[in-house]
Amino acid sequence: MADNRPRFYVTTAIAYANNQPGLHTLYEVIGADVIARWHRMLGDDTRFLTGTDEHSVNIAQRAAEEGMTPRAFVDEKVELFRSSENLLAITPDRFIRTTDPDHYRSAQEMVRRSHAKGDIYLGTYDGWYCPNEGFRTTSEVLETARGTICPNHPEVPLQWLTERNWFFRLSAYQERLERHFVDHPDFVQPDFRRNEMLGFIRSGLEDLSISRAGGGWGIPFPIAENGESALREDGSWDPEAGTIYVWYDALINYITGAGFPDDPALFAHWWPADLHVIGKDIARFHTIFWPAMLWSADLDAPRHVWVHGWLLVKGGERMSKSRGNFFDPNDVVAALGSDGARYVTLAEVAFDRDTEVSWESFIRRYNADLANDFGNLVNRTVSMANRYLAGERPGASDGGTLRTAWEATLPVYRAQLEGCLLHAALATLWEFVGAANRLVDAEKPWELAKTIKLGGADGESAALRLSAVLGDLVEACRLIALAGAPFLPASAPRILAQLGYPYPYASDGNAGPPLLGELAWGTHSGEEGRLEQAEPLFPRLDVEPDPGLAPG
RNA sequence: GGCGGGGUAGCUCAGUGGUAGAGCAGGGGACUCAUAAGCCCUUGGUCGGUGGUUCAAAUCCGCCCCCCGCUACCA
């Protein structure tokens, strides 16, 4: 592995495979995909991991309700995720499933390591148990005249169960966690999330039960009560040892996806991850439990955890499948196209907090930014170059205002993108789109073209001017397309083609020249080329009813 | 109850002491290369309420109201 490029490993949370995907779930996957593509284009050795979380009592229950085996059930759901992600041009380097065989080995190895370390011990867990859903917390049950009931299954009496299972000594890591948060202020971002988690740590950490009794739908717990291996002579796992609790299992996907434990060289290369992108509801698992689990196995904590917010609908209600108020990503792609869906989602929804959105706001954003501002900029630029310069591509000028604007834009854009403020990055790039549109109206190429026809000295100077202005506009379109390619991976090659440039990157952003070189103003200005005919990129849309909220 | 986030123009949001901002939507205008797009101008807000601190508060402090999330083993 003689690769001296900077390394970048980014992950999303794995999606719970109990249902079809919603845009609010894929939102973070689109964002992480953008970040991964950006790093690939920079030339970094990049790995992007996403996937599905497939164990748990709930899933086994749902499968049973539908008369399916858990495996067939999750296979079906996973296919829905994969097909929606394909529509959105999500390009993971691995799509991990917690049912993958190497993940079983990984999770079991983690248990063995923590057990050897003395961080796993036998204890008892007790609480209200709903036969349909498993253990319920006190905040999840209702006290009624008939006794304690589960709000989701009021007809089924709750049982007070005591279960013997394995506990992870989270409490032993309280001090180290606190120190880690202090020593690495950017471990958890944004800051207010970090503060929340630090507060939780300081309030005191309890040990965590990490096994479930019986041989249910989950990864077999590899250690028997006597501390010996639970592997039987016939190669099967002793069901008496139970299964690994699904959260303990799920978090481990990040190291499985990096080669643990089968490929130590690969794992040494990729771990620790540079960035976990997760939602605010699971911050505690990723910023507190997960580092402790890793430390217990003598592995490093991830470098950064970015906590994003949620999509909300009108009135501030969370978008969710159970509420039925979510956008089907397939509908969004059908309406806005793949790039349109990616762009609009990440431009309209802030990546650091909750944002209220609506179908109408999506369409408006698409029309304003993609159809009117950027799409039309490319279209008018290519049309004018064809009409006034016979399709010969003009070079960018050295001292124009657009160059100055670009050189101010790029560093800000880059910092915002790499800082996970994806909506801010797009806003920055689109200010430059505005600058290019304003240049057209300030310079009026159509008037320059008329002056050229008059001939003479005025005509000659107008010709120079026209070439310089259109050269700057072509260059602006090239730069926006390349810089924005992580967001608009399908459109970027089309735009470069219209401008007469080859597109040097693979469909996932790999294999091209280092992006920052390509993003220097005028890099390819000396090269001759011919523009293609102008072709609208983002057709303008009418505002239509919201298919996500429409009945039926 | 506790902790956290939020309540600023029709919409989505910037703005942590010094005469209220952006984008979109709406209205008007001049143009015409362009996807009836773009450009210029513009309407629009007692900054959730209330009481304080201050020469000065959206911005600091107190109290109150509303929305959302978390409050440990569903994920």
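This is a predicted model, so every value here is computed, not measured. Naming convention: chains lettered A, B, ... in sequence-line order (proteins, then strands); numbering from 1 in each chain.
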Shortest side-chain distance from A/Trp446, nucleotide among B/C24, B/C31, B/C13: B/C31
Sugar-phosphate, base or nothing in reach of A/Asp207, heavy atoms under 4.0 Å: base
Touch class at under 4.0 angstrom, heavy-atom based, for A/Ser203 against every strand present: nothing
Distance test, side-chain N/O of A/Arg387 to OP1/OP2 of B/A34, below 4.0 Å: yes
Geometric class of the A/Phe289/A/Phe285 ring pair [parallel <30°, tilted 30-60°, perpendicular >60°]: perpendicular
N or O in side chain of A/Arg353 less than 4.0 angstrom from B/A14 OP1/OP2: yes
Aromatic A/Phe200 / basic A/Arg284 pairing, under 6.0 angstrom, 45° off normal: yes
Residue matched to B/G4 through Watson-Crick or wobble contacts both under 3.5 angstrom: B/C68
Short side-chain to backbone donor-acceptor contact, A/Arg194 and A/Val188, under 3.5 Å: no
Exam field: side chain A/Glu54 to backbone A/Ala17, donor-acceptor pair closer than 3.5 Å: no
Nucleotide forming a Watson-Crick or wobble pair with B/G26, both distances under 3.5 Å: B/U42
Whole-angstrom distance between B/C11 and B/C47, as gauged at atom P: 16 Å
Sugar-phosphate only, base, or nothing, as touched by A/Leu377 at under 4.0 Å among non-hydrogen atoms: nothing
Sugar-phosphate only, base, or nothing, as touched by A/Arg284 at under 4.0 Å among non-hydrogen atoms: sugar-phosphate
Candidate nucleotides B/A72, B/U35, B/C24, ranked by approach to the side chain of A/Arg364 - the nearest: B/C24
Atom pair distance, as rounded to whole Å: CZ in A/Arg193 and C1' in B/G6: 11 Å
Of the listed nucleotides B/C33, B/C74, B/U12, the one nearest the side chain of A/Thr355: B/U12
Aromatic plane relationship, A/His276 with A/Trp290 - under 30° parallel, 30 to 60° tilted, over 60° perpendicular: tilted
Euclidean distance for C1', B/G4 against B/G17 (whole angstrom): 26 Å
Euclidean distance, atom CG of residue A/Asp281 to atom P of B/A72 [Å, nearest integer]: 15 Å
C1' spacing across the pair B/C70 / B/C64, given as an integer number of angstrom: 24 Å
Sugar-phosphate, base or nothing in reach of A/Arg540, heavy atoms under 4.0 Å: base
Phosphate OP1/OP2 of B/C74: any A/Tyr16 side-chain N/O under 4.0 Å: no
Nearest-angstrom distance, P atom, B/G21 to B/G15: 15 Å
Ring geometry between A/Trp430 and A/Tyr343 (parallel below 30°, tilted from 30 to 60°, perpendicular above 60°): tilted
Nucleotide B/G2, atom C1' - distance to CZ of A/Phe200 in whole Å: 13 Å
Counterpart base for B/U53, defined by Watson-Crick or G-U wobble contacts under 3.5 Å: none
Touch class at under 4.0 angstrom, heavy-atom based, for A/Asn437 against every strand present: sugar-phosphate
First encountered from the 5' end of RNA chain B, between A/Glu196 and A/Ile282: A/Glu196
Pairwise 5' ranking along RNA chain B for A/Lys280 and A/Phe289, keeping only the more 5' one: A/Lys280
Sugar-phosphate, base or nothing in reach of A/Trp430, heavy atoms under 4.0 Å: nothing
Of the listed nucleotides B/A72, B/C40, B/A34, the one nearest the side chain of A/Leu170: B/A72
Heavy-atom donor-acceptor pair, A/Asn372 side-chain to B/A37 base, under 3.5 Å: no
Phosphate OP1/OP2 of B/C74: any A/Arg62 side-chain N/O under 4.0 Å: no
Sugar-phosphate, base or nothing in reach of A/Asp373, heavy atoms under 4.0 Å: sugar-phosphate
Rounded distance in Å - NZ (A/Lys444) to P (B/A34): 16 Å
Touch class at under 4.0 angstrom, heavy-atom based, for A/Ile288 against every strand present: nothing
Check: B/G38 base within 3.5 Å donor-acceptor of A/Asp441 side chain: yes
Protein-nucleotide distance (A/Asp191, atom CG; B/U16, atom P), rounded to Å: 15 Å
P-based separation of B/U71 from B/U54 [nearest Å]: 43 Å
B/A14 pairs with, by Watson-Crick or G-U criteria that keep both distances under 3.5 Å: none
Aromatic A/Phe81 / basic A/Lys77 pairing, under 6.0 angstrom, 45° off normal: no
Whole-Å gap separating P (B/A36) and CZ (A/Arg380): 12 Å
Expected output: side-chain A/Asp249 to main-chain A/Ala107 donor-acceptor under 3.5 Å: no
Sugar-phosphate only, base, or nothing, as touched by A/Gly375 at under 4.0 Å among non-hydrogen atoms: base
Nucleotide B/C74, atom P - distance to CD1 of A/Ile210 in whole Å: 15 Å
Closest to the A/Pro536 side chain, choosing from B/U35, B/A72, B/A34: B/U35
Protein-nucleotide distance (A/Glu348, atom CD; B/A22, atom C1'), rounded to Å: 14 Å
From B/A34, B/A72, B/C24, nucleotide with atom closest to A/Ala368 side chain: B/C24
C1' atoms of B/U46 and B/C40, separation to the nearest Å: 31 Å
Geometric class of the A/Tyr173/A/Phe168 ring pair [parallel <30°, tilted 30-60°, perpendicular >60°]: parallel
Closest to side chain of A/Ser56, choosing from B/C33, B/G5, B/C74: B/C74
Sugar-phosphate, base or nothing in reach of A/Ser361, heavy atoms under 4.0 Å: nothing
Sugar-phosphate, base or nothing in reach of A/Gly279, heavy atoms under 4.0 Å: nothing
Sugar-phosphate only, base, or nothing, as touched by A/Tyr248 at under 4.0 Å among non-hydrogen atoms: nothing
